[in-house]
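Note on naming: letters A, B, ... go to the chains in the order of the sequence lines (proteins, then strands), and numbering restarts at 1 for each one. It should be emphasised that the depicted structure is a prediction, and the values quoted were computed from it without experimental measurement.
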Number of protein chains: 2
Amino acid sequence: MARRGDTIELAVLGLLHEGPMHGYELRKRLNLMLGWGRVLSYGSLYPALKKMLRANLITEVSTTTTPTSRRPRIVYEVTPAGNEQFQRLMSEVGPTAWEDDNFDIRFAFFSSTDMEIRLRVLEGRRSRLQERLARVQAELARTQAEVDRYAGELQRHGVESVEREVRWLSDLIRAERGDEGPATAPATKPVGTD
Amino acid sequence: MARRGDTIELAVLGLLHEGPMHGYELRKRLNLMLGWGRVLSYGSLYPALKKMLRANLITEVSTTTTPTSRRPRIVYEVTPAGNEQFQRLMSEVGPTAWEDDNFDIRFAFFSSTDMEIRLRVLEGRRSRLQERLARVQAELARTQAEVDRYAGELQRHGVESVEREVRWLSDLIRAERGDEGPATAPATKPVGTD
DNA sequence: GTTAGCATGTAAGGAGTTACATGATTTT
DNA sequence: AAAATCATGTAACTCCTTACATGCTAAC
């Protein structure tokens, strides 16, 4: 079962899926990818790589092929076992918190999986969001007038944001089913109900 | 300077600002308030309360006044020092990550501060979001076509969401300046540029 | 009478950050 | 020549979660 800490593992396997890379570059790519907020520190990346080496998910590749005679960098490559693990982490159904925390990463690597898994991840996220939406809206109805102005405004904005994301997911699911990848632009147009 | 762990402290002080409460109730209110995602566990709440007691930010209040003869609950009340700390945490300018992590909590307690602080918090958040937006869009322009379909779609959606939040913040700032609290509905209307 | 919710706490462990340590290479 | 960036790592520390431990009260 997927644990909290498997996030870095998933991200590293996903990036290495595109080709060999060394630690420093992995960190840079990761920080661009997950640019919205948190950055990953070396203090967690390097130990994670060591752990993955021991688990035989990745292997070191000699850098001697580099023509420009740079300083020795440790380039990693994904093993067959690593690819298996990647597919497992991409598709596994775990606790809500884990799946929500890793949705973005999974999405970013959608090209490296098949449609079946993409649909499961998208639909899973949508149903979790809808469930929460229902709970929050029930709560809102129950406590109606007694909420603070600002707290209420925050709730309202939160609900609206989640509703948008649900519509976005619905568009993507439709596109996926219609077999034409993510829609390139129409997310702002009225798309009817979900 | 505000540390990462001051989040619970801020939230507890904010809730107690509305009146005395015991731990169990604090947790419930908090989990409703921050309903979008993570829940706070007893394992972090109770030790935090103990720590705040020692720091003299809150005090225990005897529950003997309760008429229904319930089991003894430990009801906490905020001290003058606690109120000072609350105002400090509400207004303090810290590292980006801290301010971003705590924006929602600060917003939810806006009624307990004055307009000066509300404006500073709202404008601070808006400028941080705009800065990130600029960075990401520059990055998007630089790497144009070479991005993966799904990774690109994720970026696009992220930019759109942040742009929405910037408009929301601008509405709130305008309302705050016009002295009429948060707008009750017009967030979906076109509001021009920021 | 037993399940569900109220109520408070502790201990162990996970995951990641910050700060430290080191040194090569490229740019200014 | 200095500053920035490339590049890899370790140690200490922080914050939080999970799991455990305990017992009362209300509802079914």
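Rounded to whole Å, the distance from CG on B:Leu26 to P on C:dG9 is 12 Å. Atom CD in B:Glu60 sits roughly 16 Å away from atom P in C:dA7 (whole-Å rounding). In this structure, B:Lys51 places its NZ atom 18 Å from C1' of C:dT10, rounding to the nearest Å. What separates CH2 of B:Trp98 from C1' of D:dT14 is a distance of 16 Å, to the nearest Å. Between A:Asp101 atom CG and D:dT17 atom C1' there is a gap of 13 Å when expressed in whole angstrom units. Between B:Asn31 atom CG and D:dC16 atom C1' the separation is 14 Å, expressed in whole Å. Between B:Arg27 atom CZ and C:dG9 atom P the separation is 15 Å, expressed in whole Å. Rounded to whole Å, the distance from NZ on A:Lys28 to P on D:dA7 is 7 Å.
Shown here are the side chain to side chain contact (heavy atoms under 4.5 Å, CB included) partners of A:Glu123, two or more places apart in sequence or in another chain: A:Leu119, A:Arg126, A:Ile173, A:Arg177. Evaluation of the salt bridge (Lys or Arg N to Asp or Glu O under 4.0 Å) rule for A:Glu92 yields A:Arg88 as partners, not counting sequence neighbours. Checked against ring-ring contact (aromatic ring centres under 6.0 Å, His included), B:Tyr24 has no partners two or more places apart in sequence or in another chain. Looking at residues two or more places apart in sequence or on another chain, you find a ring-ring contact (aromatic ring centres under 6.0 Å, His included) between B:Phe110 and A:Tyr150, B:Phe107. By the salt bridge (Lys or Arg N to Asp or Glu O under 4.0 Å) test, B:Glu9 pairs with no residue at all, sequence neighbours left out. A search for side chain to side chain contact (heavy atoms under 4.5 Å, CB included) contacts involving B:Glu84 returns nothing, not counting sequence neighbours. Here A:His22 pairs with nothing under the ring-ring contact (aromatic ring centres under 6.0 Å, His included) rule; sequence neighbours left out.
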Just list the side-chain donor-acceptor pairs under 3.5 Å for residues 40-51 of chain A, sequence neighbours left out, or say none.
from    : atom 1 : to      : atom 2 : distance (Å)
A:Ser41 : OG     : A:Ser44 : OG     : 3.3
A:Tyr42 : OH     : A:Arg27 : NE     : 3.4
A:Ser44 : OG     : A:Ser41 : O      : 3.2

query: salt bridge (charged side-chain N to carboxylate O under 4.0 Å, His left out) between B:Glu25 and B:Arg73: does it pass, once the steps are laid out?
result: CA-CA 10 Å; B:Glu25 201 183 343; B:Arg73 298 167 302 177; 5.8 Å; no
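Sorted by first and then second residue, the ring-ring contact (aromatic ring centres under 6.0 Å, His included) pairs with a member in residues 80-101 of chain A read A:His17-A:Phe86; sequence neighbours excluded.
Both A:Val136 and A:Leu169 belong to a single network of hydrophobic side chains, linked directly or stepwise wherever heavy atoms of I, L, V, M, F, W or Y lie under 4.5 Å apart.
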Table of protein N/O atoms under 3.5 Å from nucleotides 17-19 of chain C N/O atoms:
from   : atom 1 : to      : atom 2 : distance (Å)
C:dT17 : OP1    : A:Val39 : O      : 2.9
C:dT17 : OP2    : A:Ser41 : N      : 3.4
C:dT17 : OP2    : A:Ser41 : OG     : 2.8
C:dT17 : OP2    : A:Ser44 : OG     : 2.7

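Considering only side-chain atoms of B:Tyr24, the nucleotide from C:dG5, C:dA15, C:dG9 that sits closest is C:dG5. In the set C:dG9, D:dC6, C:dA7, C:dA7 carries the atom at the smallest distance from any side-chain atom of B:His22. Checking C:dT8, D:dA7, D:dC15 against the side-chain heavy atoms of B:Arg73 singles out C:dT8 as nearest.
One end of the helix from C:dG1-D:dC28 to C:dT28-D:dA1 points its axis 40° away from the other end's axis, with each axis taken from 5 pairs and the angle rounded to 10°.
Listed by residue number, there are no residues of residues 5-18 of chain A with a heavy-atom contact under 4.0 Å to DNA chain D.
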